[in-house]
Every structure is written in structure tokens, then in C-alpha cells.
Amino acid sequence: MKKLIGLLLFAIGLYLAVFVKVPEGNDNRTKNNVNMARRMSQLGIVSLGAGTLIIAGGIDLSIGSFMGLCATVLAVGMQRQGWSPPQAIAVVLGMGVVVGLIHGLLVTKLRLPAFIVTLCGLFIYRGLARWWAGDANAGIGPGMFKRAFSEATPLGLPVEFVYLVIAAIVFYLLLQRSIYGRYLYAIGSNELAAKYSGIRVDRYKIFAYVLCSLTAAFYSMMHLAEVASVSPSNVGSMLELYAIAGAVIGGCSLRGGEGNVLGIILGASILTLLQAVVSFWDVPQSLEYAAIGGALLVGAIMDEVLRRRGPATAHG
Amino acid sequence: MKKLIGLLLFAIGLYLAVFVKVPEGNDNRTKNNVNMARRMSQLGIVSLGAGTLIIAGGIDLSIGSFMGLCATVLAVGMQRQGWSPPQAIAVVLGMGVVVGLIHGLLVTKLRLPAFIVTLCGLFIYRGLARWWAGDANAGIGPGMFKRAFSEATPLGLPVEFVYLVIAAIVFYLLLQRSIYGRYLYAIGSNELAAKYSGIRVDRYKIFAYVLCSLTAAFYSMMHLAEVASVSPSNVGSMLELYAIAGAVIGGCSLRGGEGNVLGIILGASILTLLQAVVSFWDVPQSLEYAAIGGALLVGAIMDEVLRRRGPATAHG
Amino acid sequence: MLEAVAVSKGFPGVQALSDVNLTVAPGEIVAVVGENGAGKSTLMKILAGVQVPDAGTLRLNAREIRFASVDAAQQAGIVLIHQELNLAEGLDVAANIFLGREPRVGGPLGLISSRIYSDAATIMQRLGLDVSPRAAVADLSLGQRQLVEIARALSLQSRYLIFDEPTSSLTERETERLFTVIRQLRADGVGILYISHRLKEVCALSDRVVVLRDGRNAGDLLREDVTHEALISRMVGRELKQFFHRDQAATLATASAEPIVRVRDVRWSASQKAGISFDLRPGEVVGMAGLMGAGRTELAETLFGIRRRLAGTVEIAGRMIDVRSASNAVEAGVLLVPEDRRRQGLVIDFAIRENIGLPSLGHWNRLRMVDRRREQETSLMLRDKLRIRTPHVEQIVGLLSGGNQQKVVLGKWLAREPKLLLLDEPTRGVDVGAKAEIYEIMNELAKQGVAVLMISSDLEEILGVSDRILVMHEQQLAGTLTREQATEQAIMHLATGGMGNS
Amino acid sequence: SSGCGKSGEAKTRVAFVSNNAHEFWTYAERGCEKGAKEFNVEVLFRRPPQGSAVEQQRIVEDLLLKGTKALAVSPNDAKNQVEFFNKVADQIPLITQDSDLPAGSKRRCYLGTDNYGAGKAAGGLIKEAMPDGGQVLVLVGSLDAQNAQERRQGVLDELAGTKNATGPKLGDKYELIDTFTDNTDQAICKTKVDAFLVKHQGDPNKLAIVGLWAYNPPAALEAVKNAKLEGKVKLVGFDENQQTLDGIADGFIHGTVVQQPFEFGYQAVRLLAALAKGDNTVLPADGVLPIPHMVIKRDNVAAFKEKLKQLLAPPAA
Ligand SMILES: Nc1ncnc2c1ncn2[C@@H]1O[C@H](COP(=O)(O)OP(=O)(O)OP(=O)(O)O)[C@@H](O)[C@H]1O
Ligand SMILES: Nc1ncnc2c1ncn2[C@@H]1O[C@H](COP(=O)(O)OP(=O)(O)OP(=O)(O)O)[C@@H](O)[C@H]1O
Ligand SMILES: [Mg+2]
Ligand SMILES: [Mg+2]
């Protein structure tokens, strides 16, 4: 709880820091809200997938490459092979399921370390993306696809935000209200205890891998719709870091069993907002990474210090 | 043991696969051995640092950025600020100690997640490198520095290999023969039990972070000596992945407490050799990553399958 | 009727079970006893579908059964409460109790009903587990965790319930309560298998006792025939001086010595009304009793420096010690055998040798190198002394039986030379034979001038071995009893908050 | 793909090494393929996947051991790689393409675009689109790359009408606002321009954005569309990204400067094939084989797209 409030205050602080730098008039503030909501929503959705997997004690390093592969398949399919958008979407979501299944099966049935499996994935999907596109860029024009995944809705909010809200509700029900989520926490917290409780551990772990890959696939649609073109050799690189970082900043522990939906979304928002702050405060380009990293670190330290000053917890 | 033999066979297989593709005569095979020994040694050394930290239950995502910062400081210092090589080396090794201390203190004393601390590091050091070099490349000419860190020795082997042998002996004594190593394994396996055994857990964890940063700093010297040039915006990117992957392929578990020196070196060698195989077998460029990832995955699967077919191990 | 017929099971280097038979009928309580490593837990795991036997059959109501998983055994109505606690620490008490069987709403959506908390509270009340169902398991004391495990099994509505040492961390009071529940279950027609090293409990509770020795059947006694002597001779196959009693002369000898340990006003929690003060004399064995959650473990951890001391002083042999970390304590000669062996006592993936060496390595070798020979010799010596049942000292500790693991925890500290030895439930899960050895060791250390403070929930043990008894109640020292004053009633009176003389 | 020439039993082996894995080099690869057929050599085409000097040097080391007889390379860090490439040039004929080693190096020849000149051409496009002056924003992946520096300098000098202009004032009419870097991440590039357009208070009609690397103009275009300023903000780019060309056709991008990478590949192989046989007569006298850049605007974009389509089509099997 305390953690969530801390995150929320940090996020609000960052938002205000951006806000004061947005000149008034000309709808600037609305436009900026839309831009930020868009990015926050995109990262938030993929962080929810990554976070769910982390809660279940897993990890996926291939998120970025896999989303790059999906974006490439989408763009190449629609641009060069004449797939209709629904067809392309179906293919990519199918890929999400299949890849998640493969990761999950390798980790559970063959007991390979998740780190190795998804690191191999990181390389393999990047290679496949380049190969599929023949090392050439691919892109899409304006149209139905762009509207479906990157447009302002009647309320002035971007459609991505609507997806985030839906995803948040779904993941909230799943993780924090349903038995499935309960099992994921139990597995992440103590796999043996879960097993001894008669939970089909493997099945739920696989499920978590599928969820993670599915959100990455979904991200690829929003990404392509927003930027319209992809360069297969680097699209999505580092996304896994951002997605995992969002979840971890939001309170997920890489040891598993910890974290919640609101925290994850706040974590992802903080990452997005930090980038915006750097942009709006004219931080020198060369120092911008240092500023983001520094702010994140200061935030984490503050959080810890504040929590310590509060009443002593039961933990020794 | 079985694991080590499997790794060794895999490495030998890869080596032969490269070997047959090197045309005879013209000293080609010797030269190739030198090239591969050089690359393998560089990665091996940084994997030893990363592996030690992983054994102690930690993780460092900033290895690549930090090595990039070190390489930049070295190059800028020697090229633009007229530092003598010993001076530059001292600065960079000092940076390794300081940065490792900072990581370790934040993780132990403030109990921040290692993932967050070193992720912030990943951003911060990259930014500092760009800023320090003023967003321009830097490099060094031939001279003492290059000779010290990237030269063939009388035996025809590259000097990096000599460093690897020294590092292997030091890390072997440390990890597998000294009480410090035993403490690191204990801490990685069960930190609480280590604490209840009267071990100064924090101190040893910090020590592991320092070792890891030091090997990254050392890598930067070999890197700069080999390449002569650094481009601060991307030098060393992904190195952390390779270093950690080397350790994990070699048998370290990210849960801590597992792994050994020989395994780590073999793991790093396999990664290096895979790249050489791809290069010598004219794998289509676009599929190169896919081939590396695929081979790694197949190797991991084979290893697992073979181990299962052998007599059941003690671990239930 | 649940039957195991000619069941065998081997592990690398150990034949855990050979042709073992066991039956339990509905409405019957069958106790299973045997030395550490006799194969009790292995047999129970086989019955509950956790492990598969190498040979032999299981029958339920005369029909042969074969469980593919824990889940399948639970479906058949067979539930095991494991010897080693297995709780999801991140989840709260109610979630752990109902894990895998949450009361649901919303059909396939699988939403969890908020009824879970009231349902949990009901079961917890039955067992006397006095914490909030929303409390995180990580915040509970070991005894409380054990009750959570039991509550989980009780909620299962099973036909056969297997308790593998359920009372090893419970105090007399909770044990009594549990017995009431178990007798109730028997009356409801549940068949019960009960494992314990506390022979008093076995005598009090069971209808029948099955004895295992070295993985074989070594006796099947009806209630009428059960006596300590009969059990012990079948368990260990030899005569044993049946129970340890501290020598009266030793008590007298220590009574006049100058205290070597002075604890003054020590506090570790802001909610404590007053600090804790007491003295320990060299050569003295002092027992510490209290109810579950009374704060005995916390006190020991505070003295050992693992838990932050908020106030107070600790003086050892005339020197004030600034105990800020466990390593300082160890240097000052304060050693703690912790209560939770798997979490605090052992590196479960290390070999026996490595665990035993851990606290002593730095002490042995100035060159900071691992002295493997000495490590090897010490662990072999301790293996024999403590009768650790293992193929070799290179065995991974996690694969030992529960009691043998506990012996390794003790062994770790016996390689050092303490001034103050803190033992937190040192005989938890240890068989009678080895218990006697442990008392003997305590006695020997005391003779060498060590002050021994032993926390125990087993009143019989406390009364048997202590020169003096400290009783804790709600994180306070409720009183001190001399050997003459000490009776079970007197201890319980103090432990439950009655006023004492101190 | 790498072994372009048909199964090279006895064919001479030459190699072409790029400086990263971007689409740009796929055109060059097609040129190499054409050259391989025409001049009867086997061409090993290599791209350092992350665009770093260390990858490039290791690729070259391996190529030498594979019996490569002549090499064309686009050095990742020309200034600091002289020593390395001089050593290579001691073993086999070496030519540079796309970016040149500093004067005095042992390379036989340089072929490629004059990046500075191309930058000036882009500056010219800005002048054309915004003749009355205004503000200019520069986008590029990273500034430590040599071609980025040269192109940027060309743009600035053209606008300022002087040499070595630094901004922010460029002559009396133009002003450099900033140079954004994005680590070759298109999404970050767009994000930054999004934020910039919200923050920017000047007249959008007096704003030009120039993207120096291939993915920069499309990123800028999407951001401008997002801010509903398409047609107002002037966009100028480099390279032949499909989205850039579409943007030109739609009238939202004023023009782009392209380098003819296909020619890089083709011409390089022509030279390499001869050099490998010891024939030095193909070398231009001054050691530079300029491949002129082209300026693509709305009037010639359709024809150019058609030509690209043909170039990119995979070679008939
Ligand atoms: N997974 C395993 N791998 C190897 N050996 C095992 C394993 N599980 C049990 N053993 C061995 O089997 C023997 C029987 O163990 P078991 O746990 O059944 O004993 P127990 O009777 O329950 O003892 P305790 O009273 O100490 O709990 C022991 O020697 C133990 O070390
Ligand atoms: N009513 C309660 N509600 C929640 N937690 C409690 C309660 N009573 C005790 N505890 C927990 O028990 C801890 C004290 O346990 P400690 O381990 O010191 O007791 P103990 O005397 O050793 O008992 P045990 O036999 O359970 O090990 C406290 O830290 C507290 O967290
Ligand atoms: Mg047992
Ligand atoms: Mg206790």
C-alpha cells in the first residue's frame, strides 16, 4: 500500500514536472496528455504481461525481439503479401500463443533455465525478423489498422489507453481476484508448496509465458500502428528491459510471488514519464540516459528510505 | 562433472566446425586460433566476474554500459587529455572498485533490488560515456597500451589468453578453494543460513559486486587495445547479456549458489565459437542471430536430454 | 482401509524402505515411530502420491491404487501434512489454508469468494491459531506456521489424514488442542497416521503403533502393549538409558558461580512493556519455556545479533559486547542453533561436510583457504557422535531425513568453542536415541564452563535437563523457576500470564 | 545472402562489409549480386549486426582467414581504425565505401557519396521549402558516427552560407533549434518529436525537421501527423525509406537525398574483381570514385520508386 502511494506520488510529481513545461493554449496540454497516455499505455500493457510472468517466478528476455518479429510479420504481411488487417492480427496473436507455449514447455517439461530459453529467443526472433523481411524495412499506410490501434477515441484519449484499461481490468481480475492468479503467486512464492497443494504447476507456468508473449504480440500492433514502419534489425530492442523494469519498479520481485496490477502500471508510467521529463526539460541529449537512470535510482532510494522511517515492520 | 564434459564436447565440436573451414597454409590456422583465443579470453574474463556475482545471488545488468564508460574514459584520457597508459589504467580500475562498491552498498545496505540498481547503472554509465566523450568517437594509436593488452606473446598466444589463465587461476582459488568462495556459494544458496552462521553477508556481497565491475573494467582495456576505437553511444552494448549468458550456459543458476570456474569459461567459449561458426559457414547474414540462438537452444536441450538419460541424479 | 503392502523405495546410496507393510482403518489412529532416517516420511510420501514406490502396492478399500500426483491422492481422500513446512510465504494465512481449493464464485472465471477469510477463521479457531487470517505467513512464528499447515490439511475433508511430526514446533497447549481435533476426526471416521518422536504423545493418542527400523517393519503394537521401553527397544534394537536427567550435583555446583552472562533490559520491539534481564552462570543449563509466539526465538535472535537490539546491554565474561551482527556475536563466543533448520540452519544444497564447515572455516585457517581435511575429519567425527544416518558426508543435506538435518544444524556449532550456547528447539524432530546424545553434549559443554540456554516447547525435556527455567510470556520474562520449584503446572501458570516469583 | 556468386569452386572470393544491418545495405547487396554475376567472382557480404567497430574488425579478420582476395569496407570509426585497416591493406587490396579512411591510409580507393555534399543538398531542400527562413531541428541516431557529423555539417553550412557553422544562428534567416539523438530507435525518435511539437511555440510553418538517417524522416512524419501539422512543418530527409517516399508522394515531405547504395555494391565489386586479379587499371587516378547523390522530390518520386522496386526484387533464381 505504502509502496503504491509512493509510486503514485512519484508519478504525479513527474507528470507535473512535464506539465509545467507545456506551453498553454493551442490544445498543447491535451495533445501532450494524449501522447503520454499512448506511450504509457503501450508500455503498461507489455509490463502487465512481463509482470505476470515475473510474479509466477519466470522471466522473458525475448520480449523485445519477439515484438520486433511480430511487428515485422505484420508490416510485411500487410504491405507485401496483401494480408488483410484481421488476418495479420490473427497470425500475430497466434504467434504469441505458440511462442509462449514453446517457452513454457521448454522451461517446465525440459526444465531448461528460463534465462537461457528466452535469451535464445532473443537471438532467434531477431534473426527471423530480419530474414522474413529480407533485411529491408517494411511499413504500412494509413487505414483501418492504424485506426484500430493508434487513434484518438471520442473522449480525446488514445485508443491505446482504452486497451490499457481493459488489460488492467482483465489482469486485475485474473491476478488478484481469481484462483488462477492466486496459483501464479503461489508458484512464484514457493513452487513446492503449490505442487503439494495439488496445483498443476506446469500448466500455470506455461499459461504465464503465453500471457507474456501475447502482450508482446499485442504491443507490436500498437507499435506498428503508431510508427507505421519497422526496421527489422532493431525494432523493439531493449523493450524487454523496459517492460521488466516497469514491473520491477512497480513492486514485482524477480524472485517471484510479489507485485500487483496497479503497481506495474505505475511502474511503467514512471518510466514513460521520466522520458518525457527529460525531453521537456531540455536535458542535453548526451546526458539524457544518465538523467533517466539517475532519477530512477533516486526514486528507488527515496522509496526505501521513506519506508524505513515508517513504523518498523514485522520482518527482522 | 557430466555437465562440464557435455560443455567441453560441444565446444570442441564447434571448434572443429570452424577449423575445417579455415583454408590451410599461410599460417591461417594459427592466426585463427589466435583470433578465437583472444575473443574467448575477453568474454571469459568478464563472464568470470559476472558468474561470481551470480553465484553469490546477485546480478549486474550494467556490465556493458560500464565497460563502455571505462573504454571511453580510457580512450578520451589517453587521446585527448594526455594521460599516460598507467594513469589511465589506474583510473579505470579505480572506477571498477568504486562502481562495484556503490552497487553493492545500494543492494545490501539500502536493500534495493539488484535488478533496479544495475538497470539504473546501465542507463547512467551509457549517458556518462556519451557526455564524457562529447558524443564523439575516441580512439588510441599503436603503442605501449595496445601491446600490453592485445598482442601475441612469445608462445604465439594472444596476451589476453595469458590474462584469462591468470584470471581462471585466481577465480578458481577464490571460488573453489578459499573460504570467501565458500561464503559466496552459501550466500547465493541461502543468505539467511549464511547470516545465521556468522558470515558477514553484506561484506561478501559487496565484494562480489566489486569483482564483477573490476572484470568489466579490465575487459574495457582489452577491448580498447584490440579495437583501438570506441563509439560511446554503443560500445559494449549487450555485453552484459553475453557475459551473463556465458556464466549461465556454463552452469551458473540465476537463483545463486551454483556454477564453477571451468564451466563459466567453457560457457563463454561456446558463445564465442558459435559466432565464429556462423561467420565461417557463411550463414546468411540475416539468419546469423537465429543460428546462434538456435544452436544454443539445441545445445541446452541436448544437454538436458543426455543428463536425463543418464542415471538419476541425487537432486530429486 | 488404506494399505501399503510390501512397499520398497531406494535412493542413491540408501534403501529407505524394504518390504514395508502398513494399514490404517477409518476411525483408527495409527502412530508410526522409528529412528531418524528409518523411512517414516518416505512411506508417508508414497501413500500421499508425492513419491512413487520402487516395488509393492497401495490399496484403498481393497482396490489397488496408483497415484500420479498429489492431486490424485487428494481426490482419493488422502492428505499429508509434511514434516517440512511448505507454505507460500508471500500469501496470507487464509490463502495458504485454501490453496488449490479456494471457495469460488463466478463459475469458469474462477473468482475467489471473500468467504475464504471467514472459513479460514473457523478452522484456525478450532486449532487455536490466534492470528488474523489476513496476516502474511512470512510474519508468523514457526509454531504458527506449523498450525497453518495443519489447518490446510483439516480444511480438505479427507478420509485419511497423515501427520508427519505435526507437533515438533508446538507447545503443550497447542498439542493438546490438536489432539482434541484429531480425536474428533477419529470419531468422524477419519483414518489417521501420526508420526512423532515424542513417545508420550504416541502413548496418549494412538490405537496402534507401527515401528520402523532401517526401512523395515520392526513391530506392530496394540494400544495395550505400548510402553516407552517396548517402543524404544523395537526402534533402536538395543537398550537405551531411557531418559536423560541432569545430575543434581551439577546443578548445585553451578549455583554459586559468578555469572558469565549478564543480560540487562534488553528490548527488540517497541511494543515490549519492559526489557528483559537475567544472568547465566558458567556450567549452567537453563531452560526457557513459553507459549507459542511468546518471543523466545526473538530473544535468542536478539542476543545473537540477528535481530536489532533497541535497548539494553549484554555482558559476556565481564566484557560488554556490542552485538550488532551475528558475526560479532560468534566472535564473542555467543552461538545460536536456530529454530528453523531449512531456512536458517542449513544451506540445503550444500553437502553435510560443507554445512558443518561453514561457521568454522575462517576460524580454522589463517590463510583463508578451505581446510578440507579438517572439514572432512570434523564432519565424520560429528556424524558418528550425532549418529547422522547418511551414506557419506558428501550427501546433500536437503536429501537427509528431517531429524538428521537437525543433527547437522547442531553439528555446525559443535565444531566451535562457545561461551554462551543458545539452542532454539534443538531436538525438534530428533529421535529419542539422538536426543539423549544431544543432552549429553550439552552436559559436557556445561562441564567445560559454557552457559547453555535451551529454548524448548517440550516441557518434559525442559524439566529433565535444566538447572533453572526461565518462562516467557508475551515478550516478557514472566518468571524464573529453580529446579525444585519447577513442575509442569508451575511453568504453565507463568507461561499463561499468572504472576510468578522471580 | 552471403555467398552471392554461384557455388564458387574456383571463383575469386572478394568481400563487402557494411557498418550496420540497416535496409540501406540491402540495396548494396543487390548491387553486389549483380556485380558478382557480371565479373564472375564470389562476394561475401557481411553486416555487423550492432554496427560496432569490434564486430566489424572481427568480421574482417575472419574474412581474411577465409581466403578473401580483396575487400570493400565502410569503416565504423574511420579515424581510429586506420591502423587496423592499414594492416589489412598490407595483405589484400582494400577499398573503402560509404565512409572513407583519413588521408594517408593505405586503401586503394574510396567510392561513395560525399556525405558533406549530400548534407548540403539537404540544406538546399530546406531553403527551397522554407525560403523566408525559420527554425531547423535535426534528427539522427547517434552523433558519434562520421556520416552523421558530415551530413549535419553540410546542412548547417548550406543554411548558414559559411564553413563550419555551429548554430544556433545560421546566417540571418535560419536557426538551429536542437539535434535529437535516439540510439537508432525509431519509436524514441518519434516520441521526442511528439514532445517537441507540443513544446514548440513558434510558427509551425517556419519549422523544418531534417532526418539524417533513413528511419528519421518517417518517424518525424508520423509525429507531425500526430500533431496534425502535416503540410505545415517542412520535412526533409535522407535515404530511400518506403515511408519517406510515400510521404513525398503525399506532399508531406519536401524531399530526400538518396545515395544510390546499389551502385556502391555494384561498383565496389567491379573494382574488387579487378584488384583481386592484380589489375590496378580500374582505379581512378585520384583514388576517389564518386557516386553522386540524387535529390528526390514530388516530381521524380514515382519513377524512383519504380526503379527501387526493380533493384530490391530478389535476384531471379
Ligand atoms: N530424495 C531423497 N534422496 C536421497 N535420499 C533420500 C531422499 N529422501 C529420503 N532419503 C533418505 O531415505 C532415508 C529415509 O528418510 P525419511 O525421511 O523417510 O526418514 P524419517 O523416518 O522420516 O526420519 P526423520 O524422523 O528424521 O524424519 C534417509 O536415509 C534419507 O536420507
Ligand atoms: N497474536 C499474534 N498475531 C500475529 N503474530 C503473532 C502473534 N503472536 C505472536 N506472533 C508472532 O510471533 C513472533 C514471536 O515468535 P517467536 O518465534 O519469538 O516465539 P516463540 O516463543 O519462539 O514461539 P514459537 O514456539 O512459535 O517459535 C512475533 O514476531 C510475532 O510476529
Ligand atoms: Mg521424516
Ligand atoms: Mg520459537
Side-chain angles (χ1 to χ4, degrees), chain B residues 1-3 54-57 108-109 111 113 169-207 251-261 307-308 310-316, chain C residues 10-14 45 50-51 301 304-306 325-332 334-351 354-372 375 391 394-399 409 412-413 416 424:
Chain B
M1 210 47 225
K2 212 156 178 183
K3 169 112 198 161
I54 290 172
I55 286 172
T108 55
K109 301 302 175 193
R111 295 216 207 95
I169 294 172
V170 169
F171 276 89
Y172 173 76
L173 289 176
L174 179 85
L175 278 178
Q176 288 165 247
R177 283 277 166 259
S178 84
I179 59 173
Y180 307 118
R182 181 68 67 76
Y183 291 169
L184 293 179
Y185 280 97
I187 292 168
S189 289
N190 184 349
E191 191 173 326
L192 206 55
K195 204 165 142 190
Y196 274 87
S197 299
I199 295 172
R200 291 175 199 274
V201 168
D202 286 358
R203 190 177 291 185
Y204 290 102
K205 278 169 92 173
I206 295 172
F207 174 58
C252 294
S253 154
L254 288 178
R255 270 157 310 170
E258 271 173 58
N260 60 57
V261 168
R307 267 201 285 178
R308 289 218 187 167
T313 58
H315 286 266
Chain C
F11 298 106
V14 195
K45 285 182 189 165
V50 178
Q51 282 175 351
E301 286 175 352
F304 187 59
I306 284 267
S325 74
S327 54
N328 286 341
V330 171
E331 268 158 37
V334 181
L335 305 183
L336 168 69
V337 172
E339 143 186 77
D340 188 339
R341 57 177 169 251
R342 288 181 80 91
R343 290 198 320 146
Q344 303 156 343
L346 298 170
V347 178
I348 230 73
D349 298 322
F350 270 19
E354 292 166 317
N355 268 294
I356 287 185
L358 203 53
S360 306
L361 289 175
H363 187 65
W364 285 340
N365 188 311
R366 300 271 145 236
L367 283 175
R368 308 276 111 182
M369 284 292 158
V370 173
D371 186 343
R372 267 189 85 136
E375 203 179 39
E394 298 303 319
Q395 179 77 326
I396 300 298
V397 164
L399 302 180
V409 181
K412 276 174 67 174
W413 290 117
R416 297 287 305 253
D424 196 351

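Protein chains get the first letters and strands the later ones, always in sequence-line order, with residue 1 at the start of each.
Within the 4.5 Å cutoff, side-chain heavy atoms of I199(B) are placed close to those of Y204(B). Between P338(C) and V409(C) there is a side-chain heavy-atom pair separated by less than 4.5 Å. L174(B) places a side-chain heavy atom less than 4.5 Å from the side chain of F207(B). Two residues are said to be in side-chain contact when any heavy atoms from C-beta on lie closer than 4.5 Å; L336(C) and Y196(B) meet this criterion.
S178(B) places a side-chain N or O within donor-acceptor distance of the main-chain N or O of Y180(B), the cut-off being under 3.5 Å. A donor-acceptor pair is defined here as one N or O able to donate and one able to accept, closer than 3.5 Å; no such pair exists between the side chain of Q176(B) and the backbone of Y172(B).
Here L192(B) is the residue among L173(B), L192(B), D202(B) with the most heavy-atom pairs under 4.5 Å with chain C. Between chain B and the options E354(C), R372(C), K412(C), heavy-atom pairs under 4.5 Å are most frequent for E354(C). Interface remark: of the candidates R177(B), R200(B), R182(B), R182(B) forms the most heavy-atom pairs closer than 4.5 Å to chain C.
For L346(C), the part sitting under 4.5 Å from any heavy atom of chain B is the backbone (N, CA, C, O) and nothing else. Of the two parts of F350(C), only the side chain, counted from C-beta on, holds a non-hydrogen atom closer than 4.5 Å to a non-hydrogen atom of chain B. Within the 4.5 angstrom heavy-atom criterion, only side-chain atoms of W413(C), from C-beta onward, approach chain B. Heavy atoms closer than 4.5 Å to chain B are found in the side chain of V330(C), but not in its backbone.
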